[in-house]
Protein chains: 2
Amino acid sequence: MGVMTETYSPAQTVEMSGFSLDTLRYYERIGLIEPVRRAAGGHRRYSDDDLGWLDMLRCLRGTGMPIAQMHTFAELVRDGDDTIADRLALLEEHDANVETEMARLIELQRKVREKIAYYRGALDEQPVECVRD
Amino acid sequence: MGVMTETYSPAQTVEMSGFSLDTLRYYERIGLIEPVRRAAGGHRRYSDDDLGWLDMLRCLRGTGMPIAQMHTFAELVRDGDDTIADRLALLEEHDANVETEMARLIELQRKVREKIAYYRGALDEQPVECVRD
DNA sequence: GCTTGACCTGGAGCGCGCTCCAGATCCCAC
DNA sequence: GTGGGATCTGGAGCGCGCTCCAGGTCAAGC
């Protein structure tokens, strides 16, 4: 008796992947996910592989990659092993974008904090009301 | 002869603020910016104060604050000096949100880099073609 | 068998934040 | 005074990424 590959219901997959049910179906519809295996009655049964791929999607989407680019990546994956260099290049470029975005964010956060500091100062110099006498 | 307060044309303001012309007008329309002073013919003349406020907006927007919340902040500013504590609270909360968001981003970036490392490995083990002999 | 809840499909709708457009006006250089 | 570019207004349109809906099917417990 071989080790059965686990499968998961849509509800379980929502739970485990962090995507909503609608998003899972949407991703499948637009081709970000390969057609998911179905149980007899037509209900989806996600595999561990599917879960792995969803994790990849979560990483990419969660770091701001546009759907269109994720689509490109998905196609590379479909096209097999000799696209690995291309996938690597795509991920590296994305990583650089994320890095740039983080730098931008850090810089602006610094400025926000300056403004916070300014308001703290303003608050000290102008207490709500002077205590009488 | 007093020091003239500088004013700036829309084009200059686009240049200096980093917002597009349409966005500047949009922000004014929805009340994120107070009605801007006008020259005789009705053309806008942005002041240094306006520029300062735009810089604030850029910080907030650029760190992902939704327009609605920026609107709240703008109202506090309009309501005068005794809203400073509220403004401070709002900024501090936003700062915390930014911090959370950055942590999320860093964590996912780490995972993206793991995937990159994996692909680098896969590439090494499967070089494009073996050199003959 | 029946109920109840999970799941199905195709397609419409939406929230956000702009962005674009038409048609008019202004302003400056020549 | 004329041409051309900058600017004006009000309103429509859009790109993205979901999210919701109606109307139906499937599955498990009683």
Side-chain angles (χ1 to χ4, degrees), chain A residues 7-47 50-51 53-54 56-74 94 97 101 104-105 108, chain B residues 7-47 50-51 53-54 56-74 94 97 101 104-105 108:
Chain A
T7 68
Y8 310 97
S9 72
Q12 289 173 311
T13 308
V14 164
E15 175 79 13
M16 297 167 71
S17 71
F19 290 115
S20 78
L21 197 54
D22 271 315
T23 298
L24 287 175
R25 293 198 278 236
Y26 169 65
Y27 281 2
E28 189 175 346
R29 223 188 312 181
I30 66 174
L32 266 190
I33 301 175
E34 295 279 281
V36 173
R37 245 176 51 234
R38 303 299 180 109
H43 289 192
R44 287 178 180 78
R45 289 293 169 258
Y46 293 87
S47 69
D50 290 331
L51 262 287
W53 178 239
L54 286 172
M56 175 63 102
L57 293 185
R58 205 178 50 80
C59 288
L60 300 182
R61 191 74 201 90
T63 47
M65 183 182 286
I67 298 276
Q69 202 173 353
M70 288 173 31
H71 208 276
T72 301
F73 189 76
H94 176 61
N97 291 344
E101 172 61 13
R104 201 188 56 77
L105 222 50
L108 285 183
Chain B
T7 68
Y8 310 96
S9 72
Q12 288 172 311
T13 308
V14 164
E15 175 77 14
M16 296 167 73
S17 72
F19 289 115
S20 77
L21 198 53
D22 272 316
T23 298
L24 288 175
R25 294 197 277 235
Y26 169 66
Y27 281 2
E28 190 176 344
R29 225 189 309 182
I30 65 174
L32 265 189
I33 301 175
E34 295 279 283
V36 173
R37 245 178 49 235
R38 303 301 181 107
H43 289 192
R44 289 177 180 78
R45 288 293 169 259
Y46 293 87
S47 68
D50 290 331
L51 262 287
W53 178 239
L54 286 172
M56 173 65 100
L57 293 184
R58 204 177 53 80
C59 287
L60 300 183
R61 191 76 202 89
T63 47
M65 182 181 287
I67 298 276
Q69 201 174 353
M70 288 173 31
H71 208 276
T72 302
F73 189 77
H94 176 60
N97 291 343
E101 172 61 15
R104 201 188 56 77
L105 221 50
L108 284 183

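So you know, we letter chains A, B, ... as the sequences are listed, proteins then strands, and number each from 1.
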Greater than 12 external heavy atoms within 6.0 Å of B:R104's CZ: yes
Which nucleotide in the list C:dT9, D:dC18, C:dC7 gets nearest to the side chain of A:Y27? D:dC18
Nucleotide D:dC16, atom P - distance to CD1 of A:I30 in whole Å: 11 Å
Any side-chain heavy atom of A:R45 within less than 4.5 Å of one from A:D50? no
Compare side-chain N and O positions of A:S20 against OP1 and OP2 of D:dC18 and report whether any pair is under 4.0 Å apart. no
Between atom NE2 in B:H71 and atom P in C:dC18, what is the gap in whole Å? 14 Å
Touch check for A:R29, heavy atoms < 4.0 angstrom, all strands: base, sugar-phosphate only, or nothing? base
Across the strands shown, which category fits A:F19 at heavy-atom distances under 4.0 angstrom: base, sugar-phosphate, nothing? nothing
Check whether any side-chain nitrogen or oxygen of A:Y26 sits under 4.0 Å from OP1 or OP2 of D:dC20, and answer yes or no. no
Side chain of B:T23 - closest among D:dT9, C:dT19, D:dG17: C:dT19
Run the side chain to side chain contact (heavy atoms under 4.5 Å, CB included) check on B:L57 and B:I33 step by step: do they pass? CA-CA 9 Å; B:L57 293 184; B:I33 301 175; 4.0 Å; yes
Expressed in angstrom and rounded to an integer, what is the separation of A:Q12 atom CD from C:dC7 atom C1'? 13 Å
Side chain of B:P10 (C-beta onward), nearest among D:dC8, D:dC18, D:dA6: D:dC8
Pick base, sugar-phosphate or nothing for A:R45, based on heavy-atom distances below 4.0 Å to the nucleic acid. nothing
Tell me: CZ of A:R61 to P of D:dC18, nearest whole Å? 5 Å
Heavy atoms, side chains only, cut-off 4.5 Å: are B:R25 and B:L21 in contact? yes
If you check every side-chain atom of A:P66, which of D:dT7, C:dC7, D:dG17 has the closest atom? D:dG17
Under 4.0 angstrom, heavy atoms only, what part of the nucleic acid is A:R44 near: base, sugar-phosphate, or nothing? sugar-phosphate
Whole-Å distance, A:L21 CG to D:dC21 P, equals 14 Å
Would B:I67 and B:Y27 count as a side chain to side chain contact (heavy atoms under 4.5 Å, CB included) if you check the C-alpha gap in whole Å, the side-chain angles of each, and the deciding distance to 0.1 Å? CA-CA 9 Å; B:I67 298 276; B:Y27 281 2; 3.8 Å; yes
Comparing B:I67 and B:A39 on DNA chain C - which has the more 5′ nearest nucleotide: B:I67
What integer distance in Å separates A:Y8:OH from C:dC7:P? 15 Å
Figure out the CD/P separation between B:E28 and D:dG10, and round it to whole Å. 11 Å
Consider the side chain of A:D22, meaning its heavy atoms from C-beta on, and name the nucleotide among C:dC18, D:dT19, C:dT19 that approaches it most closely. D:dT19
Rounded off to whole Å, could you give me the CZ-to-P distance for the B:R25 and C:dT19 pair? 12 Å
